[in-house]
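The sequence lines fix the lettering, A, B, ..., with proteins before strands; numbering per chain opens at 1.
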Amino acid sequence: MAQFWKPGTAKPRLLDDEEGGVLFYTAPSSSSSSFGYASLESQRQRLPVFKYRTSILYLVETHSTTIIVGETGSGKTTQIPQYLKEAGWADGGRIIACTQPRRLAVQSVAARLAEEMGVKLGEEVGYTIRFEDVTNSELTRIKFLTDGVLLREMMDDPLLSKYSVIMVDEAHERSLSTDILLGLLKKIQRRRPELRLIIASATIEAKSMAEFFHNRKRRPQLEGEDNRLQTEPAILSVEGRGYNVQIFYIEEPVSDYLQATVSTVMSIHDKEPMGDILVFLTGQDDIDTAVQMITEQAQNSGSKSSFGMIVLPLYSGLTRSDQDLVFSPSPRGKRKVVISTNIAETSLTLEGIVYVVDSGFSKQRFYNPITDIENLVVAPISKASARQRAGRAGRVRPGKCYRLYMEDYFVNEMSSHGIPEMQRSNLVSTVIQLKALGIDNILGFDWPASPSAEAMVRSLEVLYSLGVLDDDAKLTSPVGFQVAELPLDPMVSKMIIASDKLECSEEIITIAAILSVQSIWISVKGQRELDEAKLRFAASEGDHVTFLNVYRGFLQSNKSSKWCHKNFINYHAMKKVMEVREQLRRVAQRLGLALKSCQNDMQVLRKAVTAGFFANACRLEAYSHNGTYKTLRGSQEVYIHPSSVLFRVNPKWVIYHSLVSTDRQYMRNVISIDPSWLREAAPHFYNKQPLNPPTHH
DNA sequence: GAGCACTGC
């Protein structure tokens, strides 16, 4: 067991939380040494987290779980793993893990720490993300990884036995995989009392997290066990190093927040000193409009400002080179204005922002378990998000944040935290992951935030209909276990497994890989060219076969980026497709699937799609002249999306890959089928429903 | 003839 406690040193002071239940600790008044020169060591000591070093090590030593609340810039992510290692937690071949929600964060923080420690990345300090394992099983002592990768590791090592401490960073984001991980780690703790958890979060949601980890059901004490170990979580708060940000609220509610955004930006530009502006809007449409409006106003009305403006959009759908524009320093004498989605709230950090304009809205996903449909809706953000957005203005010097809502609204009506993703999502992937880890009682699982019973039951139904779960809700063999092994949505995994018998796995794996990337098409403003380009690959069977044609063309071009450009295809997306495809082939081989090609037999391929997606089957309404379809399952009214190659073709029977909801429900990525395949693929699902073709006059 | 917040395995 690691020991850091030295007799004669001051013990951290304990403070009882007045509300009871949770203990807070304060750092001993720091005997701050003089920082004369900026050696690496003194730079480390200047980080806010440094004065808590002793407290952190004490808490980790004596508590199963330590919750650390710290703003960005406190240095917790790079420093705490080092403190732990210095205190001996990586001795005896053990590993200190630190998880992040995003790949980029894993890579950059690991690289920074390796540099700071003067070691080669991939040796003492390493990282693992999908497609990239930069660790050494002999040498790596501190390992950064995405929480998704750690979940996958549990399938081989359910108790995560090689780790001595696991630090879950950015826990306040409450992403799906973070919440699953937290639930599982709590379970592991009961089997492995020596495991230490650190939950790092930027907001003060710490209490509910502490409540979650407070294990009141004490096991009987084992002989020789460290009885100083407290199962009650400790909370430690570490201040950040951001600058002060002055907040301004609007005095009257705005009716047109796009217009309000534009005039706020213009007024900042006219009245405030140099410094870049970051604007948060909800989506591509609003952002493109706002960029245009601001650019026009700056030119026409003639800005009073003595310097110019450069206005740039930022959202994930942009090409790499358009995104890079945002990161290049503003041209001399120009103010940069970045109009962004939520991507700038967590995923990307812009330097040099002094002013933030916050619309108060973002697009959020919601799931309706009754209809089994996920919707993207513009919704008000939480206080936590509003604070995070404001904080983006205080990274280089004191800044200002203009909120396009009233103070009273912020104080009294805004919810303090957003709804965790767990409660806004379809749960099929979550449930199958837990099943694969041997957790049978899904409905009784102890979550940081429980999803609704309806959502759980619906996911069990879907998995049952896919043949992944049996009557006792246990994973079937081999299909259930195979589906769980594949890192994909279970319906896509089922499609791949069905392709084995149909002897078209090579093609189906290609299609699965393409469906798993955002879009292989380049989005262009005037879309006529894109539509024409699509026609070169269009297949009468539908979008899935069209994708296959694109892939074959890409291979024939020798994976040329020029070819992609000429055909309005996103080269980076195609490279990702190749990576995913290779990973899927490896897993499929391990599962014993034969990788066979059906060449040009598109019928077996459509049957394989049906085997995974039969629940998404739709029939064209009889007498329909406007392309109205009804889903077979829920009789929902749906339409083929105009981006589909089957738009206006309107085959009688189709299967869709996903729905997007606007004023109508649109089916994206559609393939035509023969209704007799449905009963073949899922007799239990369709045996009671009439599958007569629609009657046309 | 319409539109895709953002991650992740």
Side-chain angles (χ1 to χ4, degrees), chain A residues 99-106 128-133 145-155 170 173-181 280-289 314-318 340-348 359 361-366 374-379 381 385 418 421 424-425 429-430 432-433 436 483-490 492-493 512-513 516-521 523-525 527-528 530-531 576 579-580 583-584 586-587 626-627 639-644 646-649 657-669:
Chain A
T99 73
Q100 298 287 324
R102 280 169 293 277
R103 297 162 51 93
L104 191 65
V106 167
T128 308
I129 56 180
R130 187 183 187 182
F131 308 130
E132 251 183 279
D133 182 9
L145 67 175
T146 51
D147 32 31
V149 166
L150 191 59
L151 281 175
R152 283 278 151 189
E153 285 191 1
M154 288 181 74
M155 288 175 67
E170 312 284 0
E173 289 188 21
R174 304 304 299 273
S175 75
L176 202 52
S177 44
T178 304
D179 269 15
I180 301 171
L181 187 61
F280 286 102
L281 292 181
T282 58
Q284 182 171 342
D285 232 24
D286 282 356
I287 289 170
D288 288 339
T289 311
L314 178 62
Y315 41 81
S316 75
L318 290 175
S340 173
T341 60
N342 250 7
I343 195 171
E345 192 181 306
T346 49
S347 305
L348 300 175
S359 65
F361 290 97
S362 70
K363 281 197 184 169
Q364 291 160 38
R365 182 169 60 203
F366 287 96
E374 283 183 327
N375 264 344
L376 210 52
V377 189
V378 173
I381 60 169
S385 272
E421 198 179 4
R424 297 184 282 117
S425 307
S429 296
T430 303
I432 201 168
Q433 263 179 312
V483 166
E485 280 283 319
L486 285 158
L488 294 166
D489 181 291
V492 183
S493 303
S516 79
V517 304
Q518 291 230 342
S519 171
I520 57 164
W521 307 105
S523 61
V524 272
K525 286 248 166 75
Q527 291 239 308
R528 196 170 303 151
L530 172 58
D531 287 348
K576 179 101 192 257
E579 273 187 328
V580 175
Q583 187 196 21
L584 297 180
R586 280 197 304 274
V587 179
N626 60 348
Y639 298 84
I640 293 181
H641 195 279
S643 66
S644 168
L646 293 184
F647 179 68
R648 281 200 294 222
V649 177
H657 179 253
S658 62
L659 285 181
V660 289
S661 318
T662 52
D663 50 329
R664 287 175 167 182
Q665 305 275 8
Y666 284 104
M667 303 183 266
R668 285 181 62 206
N669 298 328

Is any side-chain heavy atom of [Y] closer than 4.5 Å to one of [X]?
X: A:Leu145; Y: A:Glu153; value: yes
X: A:His657; Y: A:Val492; value: yes
X: A:Leu151; Y: A:Met154; value: yes

Base, sugar-phosphate alone, or nothing: which one does [X] contact when heavy atoms must sit under 4.0 Å apart?
X: A:Thr662; answer: sugar-phosphate
X: A:Glu345; answer: nothing
X: A:Ser177; answer: nothing
X: A:Arg664; answer: nothing
X: A:Ile129; answer: sugar-phosphate
X: A:Leu376; answer: base
X: A:Gln364; answer: nothing
X: A:Arg152; answer: base

Can you check whether [X] has a side-chain N or O nearer than 4.0 Å to OP1 or OP2 of [N]?
X: A:Ser362; N: B:dA5; value: no
X: A:Thr146; N: B:dC9; value: yes
X: A:Thr341; N: B:dC6; value: yes
X: A:Ser347; N: B:dC6; value: no

Which nucleotide wins on minimum distance to the side chain of [X], given the candidates [options]?
X: A:His641; options: B:dA5, B:dC6, B:dG3; value: B:dG3
X: A:Arg103; options: B:dA2, B:dG1, B:dG8; value: B:dG8
X: A:Tyr315; options: B:dT7, B:dG1, B:dC6; value: B:dC6
X: A:Arg648; options: B:dG3, B:dG1, B:dC9; value: B:dG1
X: A:Lys363; options: B:dC4, B:dT7, B:dG1; value: B:dC4

Exercise for review: Output all residues satisfying side-chain hydrogen bond (donor to acceptor under 3.5 Å, both in side chains) with A:Asn669, sequence neighbours left out; order by chain, then residue number.
Suggested key: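 Partners of A:Asn669 by the side-chain hydrogen bond (donor to acceptor under 3.5 Å, both in side chains) criterion come out as none, since no residue qualifies.
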
Check your understanding: Between the main-chain N or O of A:His641 and the side-chain N or O of A:Arg664, is there a donor-acceptor pair closer than 3.5 Å?
Key ->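 Side chain of A:Arg664 to backbone of A:His641: no pair is present.
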
Check your understanding: Does A:Gly283 offer a backbone N or O that forms a donor-acceptor pair with the side chain of A:Thr341 under 3.5 Å?
Key -> no

Atom pair distance, as rounded to whole Å: [atom1] in [X] and [atom2] in [N]:
X: A:Arg668; N: B:dC4; atom1: CZ; atom2: P; result: 7 Å
X: A:Asp285; N: B:dG3; atom1: CG; atom2: P; result: 9 Å
X: A:Asp288; N: B:dA2; atom1: CG; atom2: P; result: 18 Å
X: A:Gln100; N: B:dC9; atom1: CD; atom2: P; result: 13 Å
X: A:Tyr666; N: B:dG3; atom1: OH; atom2: P; result: 5 Å
X: A:Leu151; N: B:dG8; atom1: CG; atom2: C1'; result: 10 Å
X: A:Leu281; N: B:dC4; atom1: CG; atom2: C1'; result: 16 Å
X: A:Leu314; N: B:dA5; atom1: CG; atom2: C1'; result: 12 Å

Check your understanding: Who passes ring-ring contact (aromatic ring centres under 6.0 Å, His included) against A:Phe361, sequence neighbours left out?
Key ->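 Once residues adjacent in sequence are excluded, the partners of A:Phe361 under the ring-ring contact (aromatic ring centres under 6.0 Å, His included) criterion are A:Tyr257.
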
Check your understanding: Can a donor-acceptor pair under 3.5 Å be found between the side-chain atoms of A:Asp531 and the base atoms of B:dG1?
Key -> yes

Exercise for review: By nearest nucleotide on DNA chain B, pick out whichever of A:Asp147 and A:Ser661 is the more 5' one.
Suggested key: A:Ser661

